[in-house]
Amino acid sequence: GRGAAALRRAWRERRAALLEPSYTPLVAACLCLAEGGVNLWVIRRVPYTEIDWKAYMEEVEGFANGTLDYTQLKGGTGPLVYPAGFVYIFLGLYYATDRGTDIRLAQYLFAGLYLLNLLLVFRIYCRTNKVPPYVFFFMCCASYRIHSIFVLRLFNDPVAMAILFLAINLFLEEHWSWGCLLFSLAVSVKMNILLFGPGLLFLLLQRFGLLGCIPKLCICALLQVVLGLPFLLVNPVGYLTRSFDLGRQFQFKWTVNWRFLPEEVFQNRAFHIILLLAHLAGLGLFALHRWHRSKESILALLKDPAERKHASPPLTIVFVLFSSNFLGVCCSRSLHYQFYVWYFHTLPYLLWCTPTTKLAHMPKVLLLGVIELCWNTYPSTVCSSLSLHICHGLVLLQLWYGTAPPPALHTPPPSRRPAAISKKAR
């Protein structure tokens with residue numbers, strides 16, 4: 001009767017709330033409230049693990065004491081290897097937490113950062129309107145490693161990513177200058193943000209052309225100069241070589257993605273060059289065949305948009321930026337456990353931005369689960385490293401084939417034979 005109909009209607013609405021992207025704001029609000037409780041529980045119940053926080057505080061303490069030579073700023077884990085933005089932000093945390101000694105307060109601050117980061121991510125997903133809301137349960141409450149990175153380890157990676165997601169929100173609102181400013185600020189906290197750089201450069205060229213793109217790039221460069229100026233005036237070579245060291249060697253014992261290789265191969269420069277070439281090739285292929293959808297040559301991006309013969313179709317800002325970063329992660333020389341946050345929150349979009357049938361949901365959820373399992377395996381094993389690469393390869397394949405442009409429709413040429421005239425017409 002009526003009761004059964006009401007139950008069926010409630011069930012249908014609940015099912016829609018889990019599957020329809022339009023319900024993302026509602027699900028996001030519920031999950032953010034739940035995450036507040038989860039983070040409090042983790043802070044109070046799970047022991048804090050000291051890894052880099054003490055070293056961070058020692059590095060910024062040197063700056064607080066007046067040391068401006070970057071080569072002299074060191075911590076318990078070695079020299080300072082992050083750009084100047086890191087120093088200023090963690091100097092604020094240094095003073096806020098009683099010179100870094102109030103660990104519990106630092107954990108609460110990072111829990112707030114976790115929630116802010118989650119809100120920014122959900123705002124991006126609300127704009128894309130592609131991911132079914134049930135996936136966000138796996139993105140939030142099911143990831144032990146991400147909660148650990150934020151509130152149990154206090155790494156600088158989440159700080160950089162939160163600023164980056166704020167910049168992407170500004171790009172989506174067409175505030176490109178402010179977005180570039182915050183993008184550069186994120187780079188000044190940790191250089192992994194540069195993995196989004198090729199995608200951002202493509203978007204700027206597509207949106208403004210070469211001449212219009214130059215002022216935006218100048219904003220990025222100028223902020224780096226302003227932030228690094230106190231150190232550049234004292235020892236410019238020391239600052240640049242320490243904070244932007246692209247050739248730094250990683251320790252084999254911490255690698256998550258290359259455990260199945262011999263350590264000699266892992267440390268070999270030829271292997272690093274191969275990975276760089278693979279990265280550049282992947283970026284080139286995606287730029288030519290997946291990001292660029294206009295009928296003109298890709299060189300037309302250098303022109304002013306008003307002078308292009310064919311208007312570019314609407315470009316998904318999120319797709320270009322997230323895929324650019326993911327290509328860099330796949331070709332990374334080494335991934336450490338805290339690096340998971342570099343792309344964790346982008347995985348739902350990368351998996352569900354392509355058309356998904358009912359039967360395809362389960363394999364995609366399974367991929368998320370296996371990736372999470374690989375990152376939770378400590379220490380990493382040959383099996384976990386290989387599994388991670390296989391999962392990354394499957395994500396790349398479905399990105400490549402799932403976003404292929406539709407084949408052009410060939411309309412037959414008009415017939416030259418005159419149309420038959422009916423007797424009535426005659």
Can you sort out the partners of [X] under side-chain contact (heavy atoms from CB on, under 4.5 Å), two or more places apart, ordered by chain and number?
{"X": "Ser380", "value": "Arg259, Tyr337, Ser384, Ser385"}
{"X": "Val237", "value": "Asn235, Thr241"}
{"X": "Leu33", "value": "none"}
{"X": "Leu182", "value": "Ile163, Leu166, Ala167, Leu170, Leu185"}

Taking the six-membered ring for Trp, is the centroid-to-centroid distance between [X] and [Y] below 6.0 Å?
{"X": "Tyr340", "Y": "Trp375", "value": "yes"}
{"X": "Tyr56", "Y": "Phe86", "value": "yes"}
{"X": "Phe252", "Y": "Trp258", "value": "no"}

Tell me, with the steps shown, if Thr71 and Asp69 meet side-chain hydrogen bond (donor to acceptor under 3.5 Å, both in side chains). CA-CA 5 Å; Thr71 60; Asp69 185 347; 2.7 Å; yes

Just to verify, what does [X] make a ring-ring contact (aromatic ring centres under 6.0 Å, His included) with, not counting sequence neighbours?
{"X": "Trp400", "result": "Phe286"}
{"X": "Tyr88", "result": "Phe63"}
{"X": "Phe165", "result": "none"}
{"X": "Tyr134", "result": "His361"}

Which side-chain hydrogen bond (donor to acceptor under 3.5 Å, both in side chains) pairs, counting each pair once, include a residue from residues 188-199, with sequence neighbours left out?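 Listed once each, the pairs are Asp157-Lys190.
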
With sequence neighbours excluded, give me every ring-ring contact (aromatic ring centres under 6.0 Å, His included) pair touching residues 19-44.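 Every pair satisfying ring-ring contact (aromatic ring centres under 6.0 Å, His included) with a residue in residues 19-44: there are none.
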
In Å, rounded to the nearest 0.5 Å, how long is the span from CD of Glu372 to SG of Cys391?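 It comes to 11.5 Å.
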
For residues 195-215, which residue pairs qualify under salt bridge (charged side-chain N to carboxylate O under 4.0 Å, His left out), counting only residues two or more places apart or in two chains?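 Of all non-adjacent pairs touching residues 195-215, those that pass salt bridge (charged side-chain N to carboxylate O under 4.0 Å, His left out) are Glu174-Arg207.
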
Test log, rule side-chain hydrogen bond (donor to acceptor under 3.5 Å, both in side chains), inputs Thr67 and Gln72: CA-CA 7 Å; Thr67 303; Gln72 300 303 314; over 6 Å; no

Output side-chain donor-acceptor pairs under 3.5 Å for residues 114-127, partner residues at least two apart or in another chain, one line each.
residue	atom	partner	partner atom	Å
Tyr114	OH	Glu35	OE2	2.7
Tyr114	OH	His147	NE2	3.3
Arg123	NH1	Asn169	OD1	3.0
Arg123	NH1	Glu173	OE2	3.4
Arg123	NH2	Glu173	OE2	2.9
Tyr125	OH	His345	O	2.6
Tyr125	OH	Tyr349	N	3.1
Arg127	NH1	Glu173	OE2	2.7
Arg127	NH2	Leu172	O	3.2

